[in-house]
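To start, the structure itself, in structure tokens.
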Amino acid sequence: MTAGVQVDDALRDRLLTVRSGIEEACRAAGRNSDEITLIVVTKFHPASLVTQLAELGVTDVGENRHQEAQEKAAELSDLELNWHFIGQLQTKKAKQAAQYASAIHSIDRAKLVDSLAGIDHTIDAFLQINLTDDPGRGGASPADIESLTERILETSTLRLRGVMSVAPLEEPAESAFERLAGYADRVRALAPDATSISAGMTHDYPAAIAAGATHLRIGSAITGNRPDAR
Ligand SMILES: *Cc1c(COP(=O)(O)O)cnc(C)c1O
């Protein structure tokens, strides 16, 4: 905690609103909110916003661009936050990302797994699965789930936590997350400890909770609109 951090009232309110939305969705789904990790996605926002979030008790933040994440994590190393890398990751940047990220949610190909085999510590790994037919969206094809799961399990520097997905724009989140739950079962059949599901963003997190998500990645509902249009 940093003494004397001025916290924006609107930011506090939005965080409280999302936290109560998570409680409500858990109640509706008959789940305990203790099972849920809230990752606040801070991409495009300055380090000062992350400092305020830490002051508000946030422990986990998510970033999707390596260089930006690396800079913020270095600037804020005193805060002891868990940095989650959630964006598409170039193979040649993977080792660098593993220096600040405690978890990489976007593991989607064998080359990326192999490039993380050489790091000198262990990080959490999520197997990202593409819920669309468009390979450009990121994520492994469902056909590759078993082979990638095996490959991660053979890599001692990676602790496989479970699956990760982004819901497609062109489909109701409910059916997409239902499919993801089935993919999560396939991973768990090979890796019984990989029980996590990283899913749920600003507009679909209640549906993700209903479908069993354990790690929510929520940005704009908490941070407000991102400074850069995207
Ligand atoms: C930006 C982003 C989020 C958060 O999106 P919001 O709609 O702002 O909540 C979650 N996951 C990934 C992979 C992202 O890139």
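Just so it is clear, the structure is predicted and the values come from calculations on it, not from any experiment. Throughout, numbering of the chain's residues begins at 1 and tracks the sequence. For the numbers below, each heavy atom of this structure counts, side chains included, while hydrogens, waters and symmetry mates do not.
Put simply, Met201 and Phe85 are part of two different groups of oily side chains (I, L, V, M, F, W, Y) that touch within less than 4.5 Å, one to the next. Under the 4.5 Å side-chain heavy-atom criterion for ILVMFWY residues, a single connected hydrophobic cluster contains both Leu112 and Ile129. Hydrophobic clustering (side-chain heavy atoms under 4.5 Å, transitive across Ile, Leu, Val, Met, Phe, Trp, Tyr) keeps Ile39 apart from Leu11. Linking Ile, Leu, Val, Met, Phe, Trp and Tyr whenever their side-chain heavy atoms come within less than 4.5 Å leaves Ile152 and Met164 in two separate clusters. A continuous path of ILVMFWY side-chain contacts below 4.5 Å connects Phe177 to Ile218, so both sit in one hydrophobic cluster.
To the nearest 0.5 angstrom, Glu150 atom CD is 5.0 Å from Leu190 atom CG. With rounding to the nearest 0.5 Å, the separation of CD in Gln6 from OG1 in Thr51 is 13.0 Å. Note that CG of Leu127 is 11.0 Å distant from CG of Leu158, once rounded to the nearest 0.5 Å. For the atom pair Ile104 CD1 and Ile86 CD1, the distance stands at 12.5 Å (nearest 0.5 Å). Here the CZ-CZ distance, from Arg226 to Phe44, works out to 7.0 Å after rounding to the nearest 0.5 Å. Of the inter-residue distances, the one linking Ser48 atom OG with Leu53 atom CG reads 10.0 Å to the nearest 0.5 angstrom.
Ser106 places no side-chain N or O within donor-acceptor distance of the main-chain N or O of Gln88, the cut-off being under 3.5 Å. When atom types are taken as modelled, the side chain of Thr157 and the backbone of Leu116 share a donor-acceptor pair closer than 3.5 angstrom. Under a 3.5 Å cut-off, the side chain of Asp108 and the backbone N or O of Gly139 do form a donor-acceptor pair. Checking side-chain atoms of Arg159 against main-chain N and O of Thr122 turns up no donor-acceptor pair under 3.5 Å. In this structure a side-chain-to-backbone donor-acceptor pair under 3.5 Å is present from Lys72 to Thr42.
Heavy atoms only, all atoms of each residue included: Val61 and Trp83 are closest at CG2-CE3, 3.4 Å. Nearest approach of Thr91 to Lys111, heavy atoms of both residues: CG2-O, 3.7 Å. Shown here for Ser115 and Ala94, the closest heavy-atom pair between the two residues is OG-CB, 3.4 Å. Scanning all heavy atoms of the two residues, the minimum distance from Asp204 to Ala173 falls at CB-CB, 3.8 Å. Closest of all the heavy-atom pairs between Ala125 and Ile107 is CB-CD1, 3.8 Å. Nearest heavy atom pair, residue Leu131 against residue Ala167, reads CD1-CA, 4.4 Å.
For Arg151 and Asp114, the salt-bridge test passes: some basic side-chain N is under 4.0 Å from an acidic carboxylate O. Using a cutoff of 4.0 Å between basic side-chain nitrogens and carboxylate oxygens, Arg137 and Glu170 are scored as salt-bridged.
Side-chain contact between Leu38 and Leu15: present, with at least one pair of heavy atoms (C-beta onward) separated by less than 4.5 Å. Ile36 places a side-chain heavy atom less than 4.5 Å from the side chain of Leu216. Between Ser20 and Leu16 there is no side-chain heavy-atom pair separated by less than 4.5 Å. Looking at Leu160 and Asp193, their side chains never come closer than 4.5 Å, going by heavy atoms from C-beta outward. In this structure, the side chains of Val40 and Thr223 come closer than 4.5 Å at one or more pairs of heavy atoms. At least one side-chain heavy atom of His215 sits less than 4.5 Å from a side-chain heavy atom of Arg161. Inter-residue side-chain proximity for Arg217 and Val166 is flagged as met; some heavy-atom pair is nearer than 4.5 Å. For the pair Thr195 and Thr214, the minimum side-chain heavy-atom distance is 4.5 Å or more.
Using modelled atom types and a 3.5 Å distance limit, the side chains of His66 and Gln90 yield no donor-acceptor pair. For Thr149 and Arg186, the side-chain atoms include no donor-acceptor pair closer than 3.5 Å.
Within a 6.0 Å radius of CD in Glu171, more than 12 heavy atoms belonging to other residues, nucleotides or ligands are found. Other residues, nucleotides and ligands contribute more than 12 heavy atoms inside 6.0 Å of the CG atom of Asn32. For Glu35, the CD atom is densely surrounded, since the number of other residues' heavy atoms within 6.0 Å is greater than 12.
Tested against Gln67 for a side-chain hydrogen bond (donor to acceptor under 3.5 Å, both in side chains), the candidates Glu63, Arg65, Glu71 yield a single pass: Glu71.
With sequence neighbours left out, His84 forms a ring-ring contact (aromatic ring centres under 6.0 Å, His included) with His105.
Among pairs with a residue in residues 7-20, those fulfilling salt bridge (charged side-chain N to carboxylate O under 4.0 Å, His left out) read Asp9-Arg12, at least two apart in sequence or across chains.
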